[in-house]
Amino acid sequence: MNRAFNRKKDKSWMHTPDALAKHYIPYNAKFLGNTEVDQPKGTEIVKEAVRKLKFQRHIKKSEGQKTQKVELQISIYGVKILDPKTKDVQYNCQLHRISFCADDKTDKRIFTFICKDSESNKHLCYVFDSEKCAEEVTLTIGQAFDLAYKKFLESGGKDVETRKQIGTLQKRIQELETENSGLKKQLWELEEQLMIAPVPPAGSISLKPPMSTDVFDMVPFSAVTPLVPIPASNGTPPPPTTTSPTDMSKDLFGAEPFDPFTCGQADFPPDIQSRLDEMQRQRWRGSKWD
């Protein structure tokens, strides 16, 4: 490990053992990001990673992007990187996978550590910017290593397997939390869609459109609708109705339909006939203008 861990070996550690063994120590910092490195440790390896991520930060600043703020939770089980507002775990670096940690002596704000990724087995260098506690974070990680090593000696190596199991469980919890966040987002989108969609009033029943009625609120009579005979009061059926083709051309009183415009001139007196002729001319003019 980096010599920063035993830099103050003659002095006491900054935190109580229980604070790191039973709880965690939180720190706030700006996260420049992580980048793959070739070696698990080395000062030059870390310096090159810092230069690379600083250059990327300058590019993001020129584009108007701000450096991400994170919360670090340090314990004997590892270093967690969380969103300070939502507390969502972004990275969970288990302590036995961290191989190097150091603060930059040329820039007091920068501190880093190298961790082996559990899925890709690549070595990633994590770089942070903290104005006040860069060296303190490095020493706190060193203290966590010291306590973890002591527990390893006390347990005869069994504690390593326990930490691995805990790390696996923590990873599964993180996956479930991510899945839960996705389901909450889908539920919220569905609720938004339901709020936008028109909802019929409670208890309403979809019915067929009502039939149109006339000015007297009566259903109009249709000649094609068959009339159903009503049985007589004595129980005997009424005589069947007979309709001949010739009867269809007569009105309700049995008379021939009357059309005053098809009658000849000899059918009416002259005064009536002249009025009919005038009505015929008006009708012809109206149809011509239409």
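Computed from a predicted structure; not experimentally measured.
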Closest non-hydrogen atom pair between I74 and L20, with its separation: O-CD2, 3.4 Å
Salt bridge (Lys or Arg N to Asp or Glu O under 4.0 Å) assessment of R57 paired with D129: CA-CA 11 Å; R57 180 175 66 170; D129 184 340; 2.8 Å; yes
No-hydrogen, no-angle side-chain donor-acceptor test under 3.5 Å, T140 and Y27: yes
Check: Y77 ring centre within less than 6.0 Å of Y24 ring centre: no
Any side-chain donor near an acceptor of the partner, Q193 and E191, under 3.5 Å: no
Donor-acceptor side-chain pairing of H23 and S75 below 3.5 angstrom: no
Whether S99 side chain and K41 backbone form a donor-acceptor pair below 3.5 Å: no
Aromatic contact, F113 with F100 (centres under 6.0 Å): no
Closest approach of V127 to F31 (non-hydrogen atoms, all atoms of both residues): O-CD1, 3.4 Å
K54 bridged to D107 by N-O distance under 4.0 Å: yes
More than 12 heavy atoms of other groups within 6.0 Å of E63 CD: yes
Distance-only donor-acceptor check, side chains Q39 and E44, under 3.5 Å: no
Side chain E135, main chain D103, donor-acceptor under 3.5 Å: no
K108/E131 ion pair, N-O < 4.0 Å: no
